[in-house]
Amino acid sequence: MPSFSKRLIPRGNRIRVMVVDDSVVIRRLVTHALEKDPVLEVVGSAADGVLALERIRYCKPDLITLDIEMPEMNGLELLPRLRSAHPDLRVIMFSTLTERGASATMEALSLGADDYVTKASSAGSLDRSMAALEAELIPKIKQFFTLETAGAVTAVQPPPVAARPRQANPPASPQVVVIGISTGGPTALGNILPQFPAHFPLPILIVQHMPPVFTRLLAERLHATCKLKVLEAAHGMKLEAGHAYIAPGDYHMRLRREGTNVIIALDQGPQESSCRPAVDVLFRSALEIYGANCIAAVLTGMGYDGLKGAVDLNAAGAYVIAQDEESSVVWGMPGAVVNAGVANAVLPLTGVVPHVLKITESIPAHRTALSVAPGTRIAAPSRTPGALH
C-alpha cells in the first residue's frame, strides 16, 4: 500500500518527475512546462510502460506523469506493476475529456493512480495549452510533497476565518449528510459508500471535484457496488432517504424548498475556491435548509474548499467530521477544517461511516429528506443520471 503522508524533499533537492507518454510532442510540452518551475526537475521520459519500468530504476523519480494509451504496455497495464514494485511512487494520469478517456481514468484511479490532469489538446494555441497544463499539473504535483528549504514552495493558504468553539454533540435530529472530497475521492468513496445500508434514513449529498462525464461515470460505478442508490444529481430531483447524489461536473449543487419537499438546484454560478462544483456552495445551501441538523464530512483533497462552509455549519451547531491526515491522500481540505478548530471529530477514512451510523441509529428507516414535515414520503427520483440541460 502506498504511503499517504507527504514526502519530505531534502534541503537543496527538487521534486523529481518522469514523463511517460508515447507522444513526443506531449513529452516535450510537459517537460518544458515543468522545468519552468524551480522546484521541479524532469529526470527522464519514456514512450511506453516497458521503457518506464526500466528507466524508473535509475532515474529514481518521486512522481511520474502517465499516459493511458501507449504501445507495448499501456498505462492501465503499467499501474499494477508500479504499485507492486514502487508503492510510494506518486502517479498522475493524463486524461481526455471524453467518455472513453473518463472511463479509462476512473479505472486508473481504481488501480492506484493518485490523481489526473486533462491532456493538452493538439488543437488551438500552443501557448494556451502550455498555460493550462502549468496551471493544472504543477499544483497537483506539489500537493504530494513538502520541501525542506523554507520558502521554496509557497503553499496556498486558506482564507482567514474566525474559528468558533466546537460543538460537543451531534445534532439530535440529523436530516442530511453532506460530503466534500477531491484528490483521492473516487477510491475513498468506493470504500465508504458501500458501508451504508440500503435503508439509510437520510439523503447523502456529495461534491467530488471532477469534470463533466467523470461524475456520471463515478456515480454509475458506485451505484453498482453500493446498497444505496447512487445518482449523478439532476436539476429538480427530490431528495430521498437511502440515496446518494453526486454533483455533476461544472455545476454547483444547491438545495431549495418546493412546498414540503427539498429539491436539488444546479447552476453554473462563479467558481468558489477555483472549483465548480464547490463544497462551500453545497454546505452553505444545506445550512440554509437544515440548520443545525446537518452532518458534514470533509474528506481527502487538495486546497481548502469546504472550510468556510464547515466554519458556518459548526457555528450553527451542525456536526463536522474531518478525515485524518494519515488516511488522506492529500490532507488539504480536511486539514484546513481541523486547523481552523471546527472539526467535531477527526477520523480515519474507515471510521467515518461507522461514526455517522452511530449518530443516526435512532432515526427510523425510510425517513425522507424534508425540511418540513419529515414524516411525509417523497417519490423516488429517476435513476437516470444527468446534469442540468
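- For the residue pair H86 and R83, the shortest heavy atom distance occurs at O-NH1, 3.6 Å.
- The two residues A318 and G291 have their closest heavy-atom pair at CB-O, 4.2 Å.
- Each of V43 and L89 belongs to its own hydrophobic cluster when Ile, Leu, Val, Met, Phe, Trp and Tyr are linked at side-chain heavy-atom distances under 4.5 angstrom.
- Clustering ILVMFWY residues whenever any of their side-chain heavy atoms sit less than 4.5 angstrom apart, transitively, puts I263 in a cluster other than the one holding L287.
- Looking at L193 and F196, their side chains come closer than 4.5 Å, going by heavy atoms from C-beta outward.
- Looking only at atom types and distance, the side chain of Q323 has no donor-acceptor partner in the side chain of T300 under 3.5 Å away.
- Screening residues 333-364 for ring pair (Phe, Tyr, Trp, His ring centres under 6.0 Å), with sequence neighbours left out, gives Y319-H355.
- Not one N or O on the side chain of E54 forms a donor-acceptor pair closer than 3.5 Å with the backbone of L51.
- Distance alone, capped at 3.5 Å, places no donor-acceptor pair between the S84 side chain and the P80 backbone.
- Here the shortest heavy-atom pairing between H235 and A265 reads ND1-CA, 3.5 Å.
- Here the NZ-OG distance, from K6 to S328, works out to 11.5 Å after rounding to the nearest 0.5 Å.
- In this structure a side-chain-to-backbone donor-acceptor pair under 3.5 Å is missing from T215 to M210.
- Residues Y245 and P203 come closest through the heavy atom pair CE1-CB, 4.2 Å.
- A salt bridge is defined here as a Lys NZ or Arg NE, NH1 or NH2 lying under 4.0 Å from an Asp or Glu carboxylate O, and E107 with R221 meets this definition.
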Task: Intermediate values then yes/no, side chain to side chain contact (heavy atoms under 4.5 Å, CB included), L189 and I181 - done: CA-CA 9 Å; L189 292 171; I181 192 165; 4.1 Å; yes

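- Here R90 pairs with D114 in a salt bridge; the nearest charged N to carboxylate O distance falls below 4.0 Å.
- A side chain to side chain contact (heavy atoms under 4.5 Å, CB included) with V320 holds for exactly one of N314, V338, V311; it is N314.
- Between A113 and L79 the shortest heavy-atom distance is N-CD2, 4.0 Å.
- Note that the CD1 atom of I68 and the OH atom of Y116 stand 11.0 Å from one another [nearest 0.5 Å].
- Between D115 and V330 the shortest side-chain heavy-atom distance does not fall below 4.5 Å.
- With contacts defined as side-chain heavy-atom distances shorter than 4.5 Å, the pair I141/L34 qualifies.
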Open item on the list: The test is side chain to side chain contact (heavy atoms under 4.5 Å, CB included); show your working for I15 and F144 and say whether it passes.
Closed with: CA-CA 10 Å; I15 301 169; F144 298 118; over 6 Å; no

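- Judged by distance alone, the side chain of T225 and the main-chain N or O of L222 form a donor-acceptor pair under 3.5 Å.
- In this structure the side chain of V117 reaches within 4.5 angstrom of the side chain of F94, judged on heavy atoms.
- In this structure the side chain of Q195 reaches within 4.5 angstrom of the side chain of P354, judged on heavy atoms.
- Not a single donor-acceptor pair under 3.5 Å links the side chain of Y290 to the backbone N or O of P174.
- Two residues are said to be in side-chain contact when any heavy atoms from C-beta on lie closer than 4.5 Å; E220 and M106 fail this criterion.
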TODO: Quick one: do M333 and L307 satisfy side chain to side chain contact (heavy atoms under 4.5 Å, CB included)? Show the steps, please.
DONE: CA-CA 7 Å; M333 289 163 50; L307 171 59; over 6 Å; no

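- In terms of the side chain to side chain donor-acceptor pair (under 3.5 Å) criterion, residue partners of D62 (sequence neighbours excluded) are, by chain and number, R7.
- Counting heavy atoms from C-beta on, the side chains of I56 and P61 come closer than 4.5 Å.
- With sequence neighbours excluded, the residues satisfying salt bridge (Lys or Arg N to Asp or Glu O under 4.0 Å) with R254 are D267.
- Checked against salt bridge (Lys or Arg N to Asp or Glu O under 4.0 Å), D48 has no partners two or more places apart in sequence or in another chain.
- At a threshold of 4.5 Å between non-hydrogen side-chain atoms, the residues F214 and E232 do not count as touching.
- Separation of atoms CD1 (I179) and CD1 (I246) is listed at 9.5 Å; rounding is to 0.5 Å.
- D250 places no side-chain N or O within donor-acceptor distance of the main-chain N or O of P211, the cut-off being under 3.5 Å.
- R216 and E99 are joined by a salt bridge, as a carboxylate oxygen and a charged side-chain nitrogen come within less than 4.0 angstrom of each other.
- With hydrogens and angles ignored, the 3.5 Å screen pairs no side-chain donor or acceptor of N13 with any backbone N or O of I9.
- Clustering ILVMFWY residues whenever any of their side-chain heavy atoms sit less than 4.5 angstrom apart, transitively, puts L357 in the very cluster that holds V230.
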Task: Steps toward side chain to side chain contact (heavy atoms under 4.5 Å, CB included) verdict (V30, V17) - done: CA-CA 10 Å; V30 174; V17 181; 6.0 Å; no

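- Between the CG atom in L231 and the CE atom in M237 there is a gap of 4.5 Å [rounded to 0.5 Å].
- For the atom pair I359 CD1 and I295 CD1, the distance stands at 4.5 Å (nearest 0.5 Å).
- A donor-acceptor contact shorter than 3.5 Å is absent between the side chain of R14 and the backbone of E41.
- The salt bridge (Lys or Arg N to Asp or Glu O under 4.0 Å) check on R55 picks up nothing, with sequence neighbours excluded.
- The backbone N or O of L76 lies less than 3.5 Å from a partner atom in the side chain of N74, making a donor-acceptor pair.
- With S182 contributing its side chain and H209 its backbone, the two residues share no donor-acceptor pair below 3.5 Å.
- The two atoms that bring S95 and A102 nearest to each other are OG-N, 4.4 Å, heavy atoms only.
- Looking at residues two or more places apart in sequence or on another chain, you find a salt bridge (Lys or Arg N to Asp or Glu O under 4.0 Å) between R100 and E69.
- Note that the CD1 atom of I92 and the CD atom of E136 stand 9.0 Å from one another [nearest 0.5 Å].
- Linking ILVMFWY residues whenever their side-chain heavy atoms come closer than 4.5 Å, directly or via other members, leaves V281 and L313 in distinct clusters.
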